[in-house]
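In what follows, a structure is listed as structure tokens, so that the remarks can point back to it.
Everything numeric in this text was worked out from a predicted model, so none of it was measured. Atoms within a ligand are numbered from 1 in the order they appear, just like the ligands themselves.
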Amino acid sequence: MSELNFKQELVGCFGFPVAENPTQAMIESAFGAMNLDWRYLTLEVRPEGLQRAVEGARVFGFQGFNCTIPHKVEVIQYLDGLGESAELMGAVNCVVNREGRLIGENTDGKGFVSSLKEIEDPAGKSVVIFGAGGAARAIAVEMALSGATRLTIVNRSEDRGRELVDLLEGRVKERCPDLETDFVPWSGDYSVSDGTNIVINSTSIGLYPDVDARLNLDVNSLASDMIVADVIPNPPKTRLIRDAAERGCRVIDGLSMLVGQGVIGIEYWTGRTPDASVMRGGLEAVFGE
Ligand SMILES: NC(=O)c1ccc[n+]([C@@H]2O[C@H](COP(=O)([O-])OP(=O)(O)OC[C@H]3O[C@@H](n4cnc5c(N)ncnc54)[C@H](OP(=O)(O)O)[C@@H]3O)[C@@H](O)[C@H]2O)c1
């Protein structure tokens, strides 16, 4: 008789609100395909309970956990260390238990870059990024670390836009001396200039239920040799993705980024590489794609 083991390894997601977060469907699909008896728990953690939740994760021996809104910055004070990207961005979305030490990583930007690398190398590219919030910060920093040479940040609120450009021009540029950046306050329809290689929506425009919301963008300025990406996972075929595909652009949807960061999270937690197509299938089943 083989040895019996009724104890699963645990990972999960801390957020508030969190009930609509679909990550469990993606991660547990992967665990199933990997024959791993692991569970990914979707845990509602209110801000005032975050410290105790992190202590709970230590006590229960969690292998790690994701952090989502509103915990990505606050969780840092309860951890034992940070990876390079998380330290640069000042935000953590994935905590990893490394021999009893909880280390904060940021896989949002890495997930985006890994989905981009399936069709294009970011090195040397000129990139327009709409937005300057958490997702934009993660993507901009990781694109710079991956060798993109020009990043144009387009954002509605000037303060947040300039804060991101200051980060890029300061600590990020120390590591990426060839990086050029600029900030464009977003008013009226933005026209993408010739010579741009990659256009990314990292705002929340287009997220369910506002599915027909449009970016202030002159879609006729999108050329067929550009790559157009959107971070919105639900629905994945946003208006931007549809407009860009109609113009012959290569497109990357928000599910690809979500899967990309999930793959990296599982690699951090288990040391094994999951099947990305199984994970995408798990999400598509949820979103009815
Ligand atoms: N696919 C994935 O794996 C993944 C991962 C992370 C996040 N996301 C998605 O990314 C989106 C953004 O998340 P976040 O954490 O970056 O949020 P956030 O920190 O709140 O930032 C939101 C950004 O969107 C801009 N924005 C929102 N509504 C706008 C409007 N009507 N017009 C112009 N700009 C607008 C904000 O501009 P202001 O600064 O002017 O307010 C800001 O730049 C969310 O929808 C989330 O679902 C996806």
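Counting heavy atoms under 4.0 Å from ligand 1, residue Arg160 touches it through the side chain alone. Here Asp108 has side-chain heavy atoms under 4.0 Å from ligand 1, and that is the only part of it that gets that close. At a heavy-atom distance under 4.0 Å, only side-chain atoms of Ile205, from C-beta outward, approach ligand 1. At a heavy-atom distance under 4.0 Å, only side-chain atoms of Ile232, from C-beta outward, approach ligand 1.
For ligand 1, none of its N or O atoms has an N or O atom of Thr203 under 3.5 Å away. The N/O atoms of Pro233, backbone and side chain alike, include none that comes under 3.5 Å of an N/O atom in ligand 1. Taking distance alone, with nitrogen or oxygen atoms compared against 3.5 Å, Asn155 approaches ligand 1 more closely than that limit. Checking only distances, Ser157 does come within under 3.5 Å of ligand 1, N or O to N or O. At under 3.5 Å, a nitrogen or oxygen of Gly134, whether backbone or side chain, sits near a nitrogen or oxygen of ligand 1.
When hydrophobic residues (I, L, V, M, F, W, Y) are linked wherever their side-chain heavy atoms come within less than 4.5 Å, the members clustered with Phe62 are Leu10, Phe14, Leu41, Leu43, Val45, Leu50, Val54, Phe60, Phe65, Val75, Ile76, Tyr78, Leu79, Leu82, Val92, Val95, Leu102.
A donor atom on one side chain and an acceptor atom on the other are not found under 3.5 Å apart for Asn21 and Thr42.
The heavy atom nearest to atom 41 (O) of ligand 1, considering only Arg156, Arg214, Glu163, is found in Arg156.
Close contacts between ligand 1 and Gly131 involve ligand atoms 43 (O) [criterion: under 4.0 Å to a heavy atom]. Interface atoms of ligand 1 facing Leu207, defined by a heavy-atom separation under 4.0 Å, are 45 (O).
For the salt bridge (Lys or Arg N to Asp or Glu O under 4.0 Å) test, no residue two or more places apart in sequence or in another chain qualifies with Lys117.
Of the possible donor and acceptor atoms, one in the side chain of Arg239 sits under 3.5 Å from a partner among the backbone N and O of Asp212.
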